[in-house]
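Each remark here refers to the structure printed beneath this line.
What you see is a predicted model, and the numbers here were worked out from it, not measured in a lab.
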Amino acid sequence: MERSETLVVGGGNAGISLAARLLRDGARDVTVVAPQPVHRYKPLLNYVAAGEAAMPDLERPMADVLPEECAWVRDAVEAVDPAAMTVRTRGGRTLHCTTLVLCPGLVEDWAATPGLQSAYTDGWAASSYVPGSAPLVWPRLTSLRSGSVVFTVPPEPASCGPTALKPLLMACDHWRRAGVLADLEVRLVLPEATATGVAEADEVLERAFAGYGVEVLREARVERVGWDTHAVTVGTPAGRIVVDDVTFAHAVPHYRAPRWIADAGLAADPSPGLVDIDPGTLRSRRHGSIWAIGDAAAVATRPSGGALRKQVDVLARNIAGAARGKPLKRYDGYTVMPITVSRRMLSLNEVDRDGHASPSVPFLDPFTPRRATWLFDRYGLPQVYWRRILRGRV
């Protein structure tokens with residue numbers, strides 16, 4: 001049995017930045033469990049799907065982003081035993097720890113939308129959320145001159161679901177400039193009544209939808225995809241709608257937490273199976289030495305990279321504080337949903353858990369679209385990510 005003081009499950013933003021922060025704060029024995037050889041800065045995938053970035057812009061070898069002092073178990077988790085504080089990997093290794101942090105991210109639930117994965121294979125569906133398909137999106141969108149196009153926002157849980165609107169609104173801006181927007185039937189499938197649930201943000205987005213002539217299907221979900229007939233069946237409160245002869249669909253799959261979380265008794269329910277934590281302290285409600293952050297944690301706010309910066313800071317302090325018997329800090333639910341309304345304008349949409357504005361820059365309205373915020377989101381923030389966030393400087 002291999003032993004470690006702190007075991008971090010997950011090699012995404014949450015896992016790497018937390019491991020780096022813990023080591024920077026003086027932790028001496030940190031192990032990260034992650035199977036993937038490549039680390040991705042996922043927010044740039046939306047820009048890949050909108051023709052404003054390429055995959056090399058967002059990828060680095062995992063070995064290059066892991067802290068040097070950190071041990072790396074390159075394997076996937078198979079099971080967790082909370083009572084024994086052990087993790088079993090698919091490769092048969094058993095890892096024991098004193099503190100366990102779960103941030104494995106979400107996995108695609110292809111079975112939730114029959115036919116969708118086949119449509120991806122057939123090439124007429126893709127999305128910015130599936131890395132292998134993201135580079136295919138923009139060439140397909142820009143080749144369109146007429147026909148029916150469907151875009152979807154994934155239902156919760158999802159990794160900052162409203163940002164799936166970026167390819168839609170940037171494509172609409174492109175089509176309008178190319179003079180073909182009027183010849184396209186553009187539909188958007190929203191899982192809720194509005195895109196974000198934040199009045200100020202939704203007001204901006206509703207104006208954009210209306211300006212581009214987007215037909216919005218609200219409180220709706222894609223139930224089935226006829227991959228061979230190019231038909232998309234959408235369930236709405238008024239009944240099913242079948243959109244036939246779809247030329248292209250930017251259809252994001254549904255997501256769920258890895259099943260081993262619920263199997264270990266760490267989830268409030270088996271589906272979607274998020275880690276059941278106190279959303280303030282980020283500590284498991286059932287096991288005092290287990291913590292969770294990121295997409296697979298029930299933090300009661302929309303996951304985002306900005307949210308993770310706050311979560312990492314709170315969790316690093318709480319792990320140290322719990323060891324010393326000190327009062328725990330609380331995460332206020334801050335998150336950010338950066339959404340482009342055109343190819344060069346972006347609304348940050350920074351809010352707390354209650355949906356109140358929580359701007360990083362005082363006195364700056366986070367809901368007003370600006371070119372400066374687009375520049376920062378596309379070019380500035382990735383540099384902050386690689387040079388500071390992944391090095392634990394949060």
Side-chain angles (χ1 to χ4, degrees), residues 4-22 27 30-35 42 73 76-89 95-107 156-160 255-323 328-335 353 392 394:
S4 178
E5 180 66 25
T6 303
L7 187 64
V8 179
V9 175
N13 179 347
I16 302 300
S17 56
L18 176 66
R21 171 63 183 272
L22 292 174
V30 178
T31 299
V32 171
V33 184
K42 290 184 178 180
V73 175
V77 170
E78 183 73 25
V80 171
D81 185 337
M85 289 296 288
T86 59
V87 170
R88 188 177 76 249
T89 71
L95 314 173
H96 180 272
C97 61
T98 303
T99 300
L100 177 62
V101 182
L102 304 178
C103 37
L106 301 171
V107 297
E156 296 297 322
S159 183
C160 204
Y255 285 85
R256 58 173 174 79
R259 298 196 189 281
W260 51 260
I261 293 174
D263 291 344
L266 293 171
D269 49 58
S271 180
L274 303 179
V275 184
D276 185 21
I277 59 171
D278 178 327
T281 64
L282 310 174
R283 193 180 207 170
S284 168
R285 297 184 190 275
R286 309 176 188 196
H287 299 275
S289 297
I290 298 178
W291 313 74
I293 56 175
D295 296 353
V299 292
T301 195
R302 289 189 187 273
S304 71
L308 278 176
R309 292 196 300 276
K310 300 284 188 175
Q311 291 170 25
V312 165
D313 180 59
V314 170
L315 180 53
R317 294 172 184 270
N318 281 351
I319 290 175
L328 301 183
K329 305 293 184 181
R330 297 195 66 83
Y331 165 53
D332 67 0
Y334 167 90
T335 193
R353 184 174 284 116
V394 295

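We find the CG-CZ distance between Leu328 and Arg283 to be 5.5 Å, quoted to the nearest 0.5 Å. For the atom pair Asp276 CG and His287 NE2, the distance stands at 10.0 Å (nearest 0.5 Å). With values rounded to the nearest 0.5 angstrom, Lys329 atom NZ is found 13.5 Å from Lys310 atom NZ. With values rounded to the nearest 0.5 angstrom, Asn13 atom CG is found 9.5 Å from Ser304 atom OG.
Proximity of Ile293 to Tyr331: side-chain heavy atoms (C-beta onward) are nowhere separated by under 4.5 Å. With contacts defined as side-chain heavy-atom distances shorter than 4.5 Å, the pair Cys103/Val8 qualifies. Two residues are said to be in side-chain contact when any heavy atoms from C-beta on lie closer than 4.5 Å; Ile319 and Val101 meet this criterion. Residues Arg353 and Pro279 are in side-chain contact: their nearest non-hydrogen atoms beyond the backbone lie under 4.5 Å apart. Side-chain contact check for Ile277 versus Val299: some heavy-atom pair is nearer than 4.5 Å. The shortest side-chain heavy-atom distance between Asn318 and Leu282 does not fall under the 4.5 Å cut-off. Leu308 has its side chain out of reach of Ser17: every pair of non-hydrogen atoms, C-beta onward, lies at least 4.5 Å apart.
More than 12 heavy-atom neighbours from other residues, nucleotides or ligands sit within 6.0 angstrom of CZ on Arg285.
Taking every heavy atom of both residues into account, Thr335 and Ala307 meet most closely at OG1-CB, 3.7 Å. Summarising the geometry of Thr301 relative to Gly333, their closest heavy-atom pair is OG1-O, 2.9 Å, with the distance given to 0.1 Å. In plain terms, the two heavy atoms of Val80 and Ala264 that are nearest each other are O-CB, 3.3 Å. Smallest separation of non-hydrogen atoms from Ala19 and Val30: CB-CG1, 3.9 Å. For the residue pair Trp291 and Leu315, the shortest heavy atom distance occurs at CE3-CD1, 3.4 Å. Contact detail for Gly11 and Val32: the closest heavy-atom pair is CA-CG1, 4.5 Å.
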Evaluate side chain to side chain contact (heavy atoms under 4.5 Å, CB included) for Ile290 paired with Met85, printing each intermediate quantity in order.
CA-CA 9 Å; Ile290 298 178; Met85 289 296 288; 3.9 Å; yes
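With hydrogens and angles ignored, the 3.5 Å screen pairs a side-chain donor or acceptor of Ser4 with a backbone N or O of Thr6.
In this structure, Asp313 does not pair ionically with Arg309, as no charged nitrogen and carboxylate oxygen lie closer than 4.0 Å. A salt bridge links Arg330 with Asp278; the closest basic N to acidic carboxylate O contact falls under 4.0 Å.
A donor atom on one side chain and an acceptor atom on the other are found under 3.5 Å apart for Asp295 and Ser159.
Legend: residues meeting side chain to side chain contact (heavy atoms under 4.5 Å, CB included) with Pro104, ordered by chain and number and at least two apart, are Val9, Leu102, Pro258, Trp260, Ile261, Ala296.
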